[in-house]
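First the structure, in the form of structure tokens, and then the observations on it.
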Amino acid sequence: MKKSMVLSLCVLLLALLLAACGSKNNDSQSSAGSSDPAASSPAESSAAPAESASEEKPITISFMHFKSDVTDGVQKIVDQFEAANPNISVDVQPVKYDDYYTLLKTKMAGGDVVDVFTLNAGAQTKLFVDGGYVEDLTGMPFLENFDPSVVAAQATDGKNYVSPVNATPIAMFYNKKIFADLGIEIPRTFDAMIAAGKKIKDAGKTPFALGWKDGWTLGMWIGRDLPSNTALVENQPDFFTKLETGAVKFADNPAARTMIQHAKQIFDLGNKDQLGVDYNGIVDLFAKGDVGMMYMGTWPLADIQKKNPELYETGIGYFPYPFSNDESLNKLEFNPDASLAVGSNSKNKEAALKFVAFMASKEGGDSWVKNINSLSYVKGASADIAPAVNELQPYFDSGEVYDSQVYIKTTIDWTNQFVQNLQKLFFDKATEDEVIATMDDWVSKNHK
Amino acid sequence: MGNIKRLIRAEMWYLLFLLPGLCLFIFAVFVPLVMGARYSFTSWDGLSRTVHYTGWDNYVRAFSDSDLWIVLVNTFKYAIIVTVLVNAISLLLALLLDTYLKFRNAFRTIFFLPGVISIVLSGFIWKYNYAIGFPSLFGMFGLDISSPLGDPNYALFGLILIAVWQGIGAPMIIYIAGLQGVSSELVESAKIDGANARQSFFRIILPLIAPSITINMLLVLTGSLKVFDLVYVTTQGGPAFSTEVISTFIYKSSFANFQAGYGTALSMIFFLILVLVTIVQISIFRRREVEM
């Protein structure tokens, strides 16, 4: 009698367990189903009546971004938006840039909803547009706040899927005191820069702060030196487009060799333990004032200001990175940074668009400048971000700026692979020819 | 017929208690594995909504991929060194802490502590130690050292040191438990028979704690073959591929190179390798165990 009761209890528990499993399956199925393009249209129509009530009803939208090094700054911008739109609250999800696209891709493929997210205009945007995950923003009124050329430059297949946000020069910071003490002029060619570096080294100081422990610091340099030399020195502007189709190899591009030689020269003049110190480490070094030069965007400025206000105000300058020995080619690298996209499966599109529109307004643009020390694309937004950056004003005034990233029209993740192969070269584990051969081999193997 | 009925009735309870665990295993491990295996026969990029079947192409490619052999060598080098070091050190510590040492409970806690913090955190701690802590510490004595993680020749050993530091806690506890299970009468009678400390360790204690050795070797080896988090937070496979292990290689193929199909095929191959290693290892170590 007792035994049978226990038994039935067990069966009951088991049934419960199975039922729980079953309902979970149903859940995941229905959520997976709603990410289908076919099923999304009924979802949209059902969301329509809810929109009319959105004025009073509190809405939460999710915002995922890759500006995690300035998380606090972005939060301040978002706070400003929330203050202006009390019924919308924003769930901010900062992700480290190295992991950002992996995470976003996984979320999207898994059917998760991200209402607003940052993308890099160009190849990455195209990938998500092709997957059907991004809302078309063409013709939206807030795009008129930008220069038409900027909007056109960030278009994908002739349509606007992303709204431009901010831009940043990527150039060489230098320590004015070290340069003045050693009588070094601002170098306008690559060889002059290396000569300056040698002079600094002879004086017992560190010429370049590298921080190549982090993949992105070296990757960022490779991703600009190589396309600049490829397109402007070797006149192969469509090299990366052809690389994608397999029509060319790195061996056909003399700039690849140039870049490797540049890398080796800079590595030899770098701080001690070039591959063991990371980005934070070199910002520390540079802020202490012991280092001559550092190749970077404007992000470390806030950090430097905190660590050494005196150096920040008067001690550092900024000059365009001279990628070649032809002065007329060495313009200022000026890259779009983050752009904003709205998820096509978002259930709160109206609120999401409001959020993007705020970022494109004068108020939003000024907030980006003030809080994260980068330049805004919004027409009329302030441009005063740091004393060092003001040194670049002549280049902006004379229009001597360019964007090397427009030449990289490929989805191949070649920089990370090149980083690892270059590290082999730094430690004499591979020669120039071997690096190029390995890269070509890798591209042909992984991208047929 | 009656026999079978009785058998079912007798075994029923065991089966019933097995069911929840079995259910979990099937739905959380087995079904996803089979569903994933399907993708290893496709050229799926990880993002698109359609998949294209390519047969055994991914597997053929894996066996002709020279990078795969490099990462397999790295993985096994790492795993074998970690397994040997962790087991040797934790057995030594267990022997030490099984004696009547003052403060032995405090020492047990101290040696176990590193195993409690997450691998990600310890990765960050050691990254800092290597890059800033040690150089400035040794700098005081006039020694100039730099981070092993920044040099392809030493990076793997830098990782092994972290893994050993973190990994000795749990095996040590298992060894202590095993040592406490060895009856003191056996050791004493060996002593009376004239065996010295070394003889009684190798002839009496070691064979009796063989089951602990088997389980520790197995857990540490499979665990370190599967290492991902430690490599990912400290070196990401660099510098110069010197710490690229199979799991980071799979991750990069799937997510950085948009080849989820190939990545899945690599996972399947890795799964088979793990099964093979486990079977071989168990069959070797089981033979050395003795029954009490």
Side-chain angles (χ1 to χ4, degrees), chain A residues 3 6-7 10-11 13-14 17-18 21 24-25 35-37 98-99 101-103 105-106 108-109 127-128 130-133 212-215 218 272-278 280-281 284 411-414 416-417 419-430 438 441-442 445-448, chain B residues 9 12-13 16-17 19-20 23-24 26-28 31 43-49 54 57 61 64-67 127-128 130-132 134-135 144-155 158 232 234-244 251-260 262:
Chain A
K3 226 178 189 177
V6 174
L7 188 74
C10 280
V11 171
L13 278 174
L14 198 71
L17 185 81
L18 282 177
C21 277
K24 221 179 210 168
N25 277 347
S35 73
D36 269 29
D98 287 339
D99 305 319
Y101 281 107
T102 309
L103 191 67
K105 230 182 290 173
T106 323
M108 294 282 172
L127 194 77
F128 284 89
D130 289 348
Y133 298 110
W212 287 349
K213 166 106 190 62
D214 284 327
L218 177 54
K272 186 172 83 75
D273 200 10
Q274 301 92 324
L275 303 182
V277 180
D278 61 7
N280 292 319
D284 246 12
T411 54
I412 299 177
D413 182 29
W414 59 274
N416 282 329
Q417 198 69 16
V419 163
Q420 298 261 324
N421 278 307
L422 273 179
Q423 290 170 344
K424 270 190 171 172
L425 180 102
F426 296 153
F427 283 87
D428 297 320
K429 286 174 180 291
T438 327
D441 190 36
W442 177 80
K445 210 161 54 185
N446 286 280
H447 302 277
K448 283 172 214 162
Chain B
R9 188 168 290 170
M12 176 97 167
W13 288 105
L16 208 62
F17 284 118
L19 264 174
C23 265
L24 263 180
I26 287 175
F27 287 113
V31 172
S43 58
W44 190 44
D45 64 358
L47 199 60
S48 71
R49 282 168 182 160
T54 54
D57 275 11
R61 187 181 142 198
S64 56
D65 191 342
S66 56
D67 293 345
K127 223 161 91 170
Y128 176 83
Y130 281 143
I132 298 160
F134 288 163
D144 188 33
I145 63 158
S146 57
S147 168
L149 299 182
D151 188 325
N153 298 314
Y154 304 112
Y232 194 76
T234 49
T235 61
Q236 303 227 330
F241 304 110
S242 58
T243 59
E244 191 86 88
Y251 173 81
K252 280 181 189 168
S253 302
S254 312
F255 295 106
N257 301 341
F258 304 117
Q259 302 200 315
Y262 183 52

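So that the names make sense, note that chain A is the first sequence line, chain B the second, and so on, each numbered from 1.
- Interface remark: B/Y232 contributes side-chain atoms only to the contact with chain A (heavy atom separation under 4.5 Å).
- Proximity to chain B is absent for every atom of A/L425, based on heavy atoms less than 4.5 angstrom apart.
- Looking at B/D144, the atoms closer than 4.5 Å to chain A (heavy atoms on both sides) all sit in the side chain, from C-beta outward.
- Taking chain A as the reference chain and counting heavy-atom pairs below 4.5 Å, the highest number among B/A131, B/G237, B/S242, B/S43 is found for B/G237.
- Between A/Q420 and B/P239, the shortest heavy-atom distance links the atoms OE1-C, 4.5 Å.
- Distance CD1/B/I132 to CG/A/D273: 10.5 Å, rounded to 0.5 Å.
- Heavy-atom contacts from other residues, nucleotides or ligands closer than 6.0 Å to CZ of B/F134 number more than 12.
- Chosen from B/L149, B/T235, B/D151, the residue pairing most often with chain A at heavy-atom distances under 4.5 Å is B/D151.
- Formation of a donor-acceptor pair under 3.5 Å by the A/K105 side chain with backbone atoms of B/F255 is found in this model.
- Ranked by heavy-atom pairs under 4.5 Å with chain B, the first of A/T106, A/N416, A/D413 is A/D413.
- No part of B/Y262 comes within reach of chain A, as not one of its non-hydrogen atoms sits under 4.5 angstrom from that chain.
- Per-residue counts of heavy-atom pairs under 4.5 Å with chain B were compared for A/K272, A/K213, A/Q423, A/Q274; the largest is that of A/Q423.
- Between A/K445 and B/D67, at least one side-chain nitrogen of the basic residue sits less than 4.0 Å from a carboxylate oxygen of the acidic one, meeting the salt-bridge criterion.
- Residue contact with chain B, scored on non-hydrogen atoms closer than 4.5 Å, involves the side chain of A/Y133 exclusively.
- Counted within 6.0 Å of CZ on A/F427, heavy atoms from surrounding residues, nucleotides or ligands total more than 12; the atom is thus considered enclosed.
- Contact annotation for A/W442: only side-chain heavy atoms (C-beta onward) come within less than 4.5 Å of a heavy atom of chain B.
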